Amino acid sequence: MKWKCLILAVTAATAALVAGCGKQPESSSGGGSSEGKRIYNIGFSQCNLGEPWRVQMNADIKAAAEKHKDRIRVFYKDAQNRTEVQQNQVREFIQQGVDLIIISPKESVPLTKPVAEAMAKGIPVIVLDRALAGDDYTMFIGGDNREIGRQAGYHMVKILGGKGNVVELKGLMTSQPAIDRHEGFLEGIKGSDIKIIFSADCKWLEPDAQREMKSALSRFPDIDAVYAHNDPSAHGAYLAAEQEGKGREKSIKFIGIDGLPTEGVKYVREGILEATFVYPTCGAEAIEYALKILDGEDVPKQVILPTRVITKETLEREGS
Ligand code: FRU
């Protein structure tokens with residue numbers, strides 16, 4: 001793999017990657033289980049690390065990769081929620097000649113081309129969580145966002161008795177999960193008397209959700225529930241209601257998505273959220289499938305992971 005080290009050196013690759021490459025065993029024959037096999041370099045571009053769910057995804061990838069450290073080495077990049085930075089990161093990984101790329105893209109359309117460029121160079125790409133446009137990637141692993149939206153809709157119908165005014169705080173609408181969570185929710189509430197009286201693109205961000213909810217509260221005296229596309233937004237909405245000082249946070253029901261033990265589940269336990277829906281990070285699966293791809297095995301084009309609702313009742317039932 002000497003040529004790869006050479007490319008790395010001239011393209012000002014990260015010191016870590018150069019060091020990693022230097023340590024790569026040659027792919028000659030050898031004795032024990034892992035001896036004689038080369039170590040593969042995987043480049044992982046995470047769209048941001050500002051949200052707990054993404055921090056958890058990185059931790060899950062790290063934990064899974066650690067179990068195979070005799071076979072793979074993962075190089076982490078944080079795009080800091082900037083599309084152009086993430087485009088460059090993919091291109092850097094291509095230049096560095098990594099063996100496989102994992103990407104959790106910020107937006108669908110702008111990341112499609114860099115990923116296609118990697119594919120054209122023969123570098124397999126696993127896309128996590130937010131889908132790209134078209135199908136020029138090796139495989140996609142994610143949750144079923146339309147189903148999550150639908151489940152959230154059914155749940156809303158149930159807790160409001162089929163009737164009420166809802167505020168929808170959407171995720172970034174140029175990312176597929178937000179589109180699917182919105183459309184699924186509409187399907188879920190179809191046929192009921194639930195009305196979405198206010199909606200806004202909160203870009204997955206708690207401060208944006210808090211600001212938008214503040215304006216919804218000032219415009220609408222009658223709000224029964226909030227459907228937020230993620231738990232940070234649901235929490236932001238709760239804070240806005242609390243800060244208004246009229247006690248409306250007690251009568252409004254807040255539903256979120258992600259269901260991390262340290263975030264959404266905790267909010268449910270504290271009575272802040274009525275419900276959250278688990279959104280798997282796909283970190284462990286990304287490593288599992290990366291190994292299969294590197295071993296030359298066939299993998300499915302799509303792996304869709306299930307969700308489940310978390311409420312006070314489900315927590316009590318599970319005794320947690
Ligand atoms: C984190 C996040 C999660 C959400 C996911 C959707 O960046 O906003 O809260 O479920 O992305 O892609």
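Just so it is clear, the structure is predicted and the values come from calculations on it, not from any experiment. Numbers here are sequence positions counted from 1. In each ligand, atom 1 is the first atom listed, and ligand 1 is the first ligand listed.
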Salt bridge check: are [X] and [Y] linked by an N-O gap of less than 4.0 Å?
X: D298; Y: K292; value: no
X: E187; Y: R146; value: yes
X: K250; Y: E242; value: no

Sub-4.0 Å heavy-atom contact, R181 with ligand 1: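 Distance cut 4.0 Å: R181 passes for ligand 1.
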4.0 Å heavy-atom contact, I257 with ligand 1: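 The answer is no, since I257 has no heavy atom less than 4.0 Å from ligand 1.
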Under 3.5 Å: N/O of [X] near N/O of ligand 1:
X: D129; value: yes
X: W204; value: no
X: W53; value: no
X: D258; value: yes

Does any N or O in the side chain of S175 come within less than 3.5 Å of the main-chain N or O of P177, such that one atom is a donor and the other an acceptor?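 Absent.
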Under the 3.5 angstrom rule, does the side chain of K106 hit a backbone N or O of E84 as a donor-acceptor pair?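 No: the side chain of K106 does not pair with the backbone of E84.
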Give the numbers and elements of all ligand 1 atoms closer than 4.0 Å to a heavy atom of P177.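 It comes down to these atoms of ligand 1: 12 (O).
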Atoms in ligand 1 with a heavy atom of E51 nearer than 4.0 Å: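 Listed by number with element, the hits are 1 (C), 2 (C), 7 (O), 8 (O).
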Should the ring pair Y227 and F185 be called parallel, tilted or perpendicular, given that the plane angle runs from 0 to 90° and is split at 30 and 60?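 Taking F185 first and then Y227, their aromatic rings lie parallel (interplane angle under 30°).
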Considering heavy atoms of the protein only, find what lies nearest to atom 12 (O) of ligand 1 and give residue, atom and distance to 0.1 Å.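 For atom 12 (O) of ligand 1, the nearest protein heavy atom is R130 NE, 2.6 Å.
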Please list the nearest protein heavy atom to atom 7 (O) of ligand 1 with its residue and the distance rounded to 0.1 Å.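 In this structure, atom 7 (O) of ligand 1 has R54 NE, 2.5 Å as its nearest protein heavy atom.
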If you round to the nearest 0.5 Å, how far is CG of D231 from CD of E51?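 Those atoms lie 11.0 Å apart.
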